[in-house]
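Hydrogens, waters and symmetry mates play no part in the numbers below; they use all other heavy atoms, side chains included. Numbered from 1 within each chain, the chains take letters A, B, ... in sequence-line order.
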Amino acid sequence: MSENKVKKQNQNFGVLWQRYGTIGIFLLLLVVLTIAKPSSVFNSSSIPQILKQSSVNILLALGEFFAILIAGIDLSVGAVAGLVGIFSAQMMVAGIPVPVAVVAGVLFGTIAGFINGMLVNKTDLHPFIITLGTQSIYQGLMLVISKSQNIYGFPTSFTATMSASVGFIPVTVIIALIVAVILWFFTTKCKAGRNIYALGGNKDAAWYSGVNVKLHTLVVFMISGTCSGIAGIVLLGRVGAAAPTAGTGYETYAIAASIIGGTSFMGGKGKIPGVVVGGLIIGLINYGMTALTIPSSYQKIVMGALIIISVAIDHLVATKK
Amino acid sequence: MEALVRMENVTKEFPGVKALDNISFDIMPGEVHILLGENGAGKSTLMKILSGVYQPTSGKIYLKGKEYDRLTPKDSYDNGISIIYQELSVINELSILENLFVGKLPSKKVMGMSLVDYKYMNDKAKEVLEKVGIKRSPNTMVEDISISEKQQCEIAKALVSNADVIIMDEPTTSLTTSETEHLFSIIRQLKKEGKGIVYISHKMDEIKQIGDRVTVLKDGTYVGTRNVEDVSVDDMIKMMVGREIKGTYHNTESDDLSKEPVIFEVKNISRKDRKVNNVSFAVHKGEILGFAGLVGSGRSELMNAIFGAEPKSSGEVYIYGKKAEIKSPYDAIKNGLAMVTENRRETGFLDNFSIKQNISIVPFLKTSGAKGLTGLVDNKAENEYAAKEKADMNIKCRDVEQNITELSGGNQQKVILGKWMAAESKVVIFDEPTKGIDIGSKSEIYVLMRKLASEGKGVVMVSSELPELLSVCDRICVFRDGEIRMTYDISEATEEKIVKTSTGE
């Protein structure tokens, strides 16, 4: 026992940061908010509020996580979420049953991810370029399909379900957590998940070890697209309308959540629980700034600073080794 | 006449290895001095000491008569020593002109400001480019010129810096015959101007053509210096070969391996890029088949094509007599074919994985479905693989959960061997398996290779170290220009014969 203690004390900052950095940031922010405005934390609606604000971020970040894990990126997650929202909204308004519209919407997201993956594989370009392009294409499609109009008037069965809670936990959060648990299982227990880590660590060594690089890259973008699709449905339910510009800029939050959650930009390193906490941090920042009545424009500044700081610390830790 | 460079009794020790032992070497003005020796003989180390990259452990260096204990890269440059590496160092994204002056742009004062002196640059460039025979505009981008022109560009760069001594490391490896001729005429011109040239090469005919004196190194020791016209090619080969072999690992179980059943057979393998042309070979039970040849002769390209890591245009692979359709390393694993690659860091291990995960990846893929997508991670099996291979391969580590980058090169290599053993591979291709690893681990790997062969597994070994091939293999195929030129049984194989076949003498 005492030996363990000594060992723990000897752990350098690098190990501590990698292990507890994400949760540390979360607690630090919570403490700051508690000191600044105790009433915003100690009330019955604070936790559901923070969770609600986090669900879309967590879902998008879960998909983004895989793209970053293979040393790539997916800039189209926000656009895919928005496009899926428009698509499902159109179907619901046209009278197609809610479950069908929801499933079709999520599948639509999967297809959008499949297109990203195919383009990356066929062109051999960096995903940054491909998804920068498809981001613009998907956003353009949103405007075309919606004719630049808000779409609303869905069956109440849909909006009511999406804004309901089980106990004090909102349904949207439960959806995000179910997705997280499935992906956590995938990354830790499935061979395909292990292969994706290998691919992210060293593409060539993974190939020589038998990993089919293109196939797994395609799977990564399909997962990202599917998560974005689910996020699009959740966003639609929470807002109650599909805006032609919904989801714009959300990729920044998704990237921030993954990175603050401990995913290495160099690829091959990161864990699902970290990403979930990363998504919660984004939600907490949004909630806290609203509670402190700080204008939303400042939220972007804080988010940007947080991305740079967490990557910089990560980089310092990595190079010190 | 005073020597441009004189190195006396230079010794260089790396931890655990004496790379150079008491070497003397000099360069006179107006001569081409050949530096000859096998891989690992110490040629590069000696030249790195001369260019200031390494510091000698002991010995003296005289540059134009001035004594130095050690050189810095600046000492070397200031004294007119210029080195042209085999992998050229010109920058593709710059023009020829910019490459010539990179890092040393001339300046002139205009109204108190220091500006780049383009006039001087253009005049000087014109002069040196004419000398080396580049007929292009100095503003041509280097990415648009041929390899041989890039090399001329490197020589021009040396001339710009007023080099007196130009070291060329295997300059003709990627040149055609006429390009080589052109290079030689440039070298002759440089000789006339009193420059000293150090020429590192394995190609005997070239040495005879261009060399004045030849110094031979072997295992980091000095063998001798001769006038090229006084020695025959056979003499030179005799001087460079014959290294000490500690122990042999040959087959002792079968009297005639050629009567044993064929375990692994390759028929008519060719590649689209023509680096491999119509190659066939067979490995018998209990046999280790070696592949000798110069670096770049196409041996690794052949193995990559067989393993499915790079595409082949035609050819068939048979394992235990059964045809194996191999289009990717995944297919190879499924068919029981393994490959230990030449570059551990680039294509061998996964640096974000633990020892355990590096071992389990291959057996996991072998038992997966849908090209690796289906199947669950079996933690119990994974621990068993790791424990077994740690013991079998004698991997020295604290814990199999350790990251693989914490291990020494030899132990990393054992982990890589372990991953293929855990997948119960039937045939293993070893591409330079002992490159950059310590002597102790080397012999452990030889023992393992022999053990695999006697267990009835197919073993193929590619190596550029002839003593290693001769002490391990039972038959040796000699590769040159993408084809097997000769296959020697170990009873008739000698270093001389192999060197002759691989250089085309």
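- If you check the side chains of B:K419 and B:N358, you find no donor sitting under 3.5 Å from an acceptor.
- Only the backbone of B:R345 comes within less than 4.5 Å of a heavy atom in chain A; its side chain stays farther off.
- No donor-acceptor contact under 3.5 angstrom links the side chains of B:D431 and B:T341, judged on distance only.
- Using a 4.5 Å heavy-atom cut-off against chain B, the contacting residues of residues 211-223 of chain A are A:V211, A:N212, A:L215, A:H216, A:V219.
- Of all residues in residues 364-381 of chain B, those placing a non-hydrogen atom less than 4.5 angstrom from a non-hydrogen atom of chain A are B:F364, B:L365, B:T367, B:S368, B:A370, B:K371, B:G372, B:L373, B:T374, B:G375, B:L376, B:V377, B:N379.
- Ring geometry for A:F87 against A:F108 counts as parallel: the plane angle stays under 30°, on a 0 to 90° scale with 60° as the upper cut.
- Put simply, of A:R194, A:K191, A:K203, the one with the most heavy-atom pairs under 4.5 Å next to chain B is A:K191.
- For A:F185, the part sitting under 4.5 Å from any heavy atom of chain B is the side chain, from C-beta outward, and nothing else.
- In terms of heavy-atom proximity, A:F128 sits nearest to A:I73 at CA-CG2, 3.6 Å.
- For B:E382, the part lying near chain A is the side chain, with the backbone staying farther off; criterion is any non-hydrogen pair under 4.5 Å.
- Within 6.0 Å of the CD atom in B:E424, the count of heavy atoms belonging to other residues, nucleotides or ligands does not exceed 12.
- Taking the six-membered ring for Trp and thresholds of 30 and 60 degrees, B:W420 and B:F307 have ring planes more than 60 degrees apart, a perpendicular arrangement.
- Other residues, nucleotides and ligands contribute over 12 non-hydrogen atoms within 6.0 Å of the NZ atom of B:K334.
- Within a 6.0 Å radius of CE in B:M141, more than 12 heavy atoms belonging to other residues, nucleotides or ligands are found.
- With a 4.5 Å cut-off on non-hydrogen atoms, A:S264 does not touch chain B at all.
- Salt bridge status for B:K388 with B:E384: absent, with no side-chain N to carboxylate O gap under 4.0 Å.
- Side chain to side chain, A:S76 and A:Q135 fail the donor-acceptor criterion of an N or O pair below 3.5 Å.
- Atom NZ of B:K457 has more than 12 neighbouring heavy atoms from other residues, nucleotides or ligands inside a 6.0 Å radius.
- For the atom pair OH of B:Y446 and CD of B:E444, the computed distance is 12.0 Å after rounding to the nearest 0.5 Å.
- Of the atoms belonging to B:N304, it is side-chain heavy atoms, and not backbone ones, that fall under 4.5 Å from chain A.
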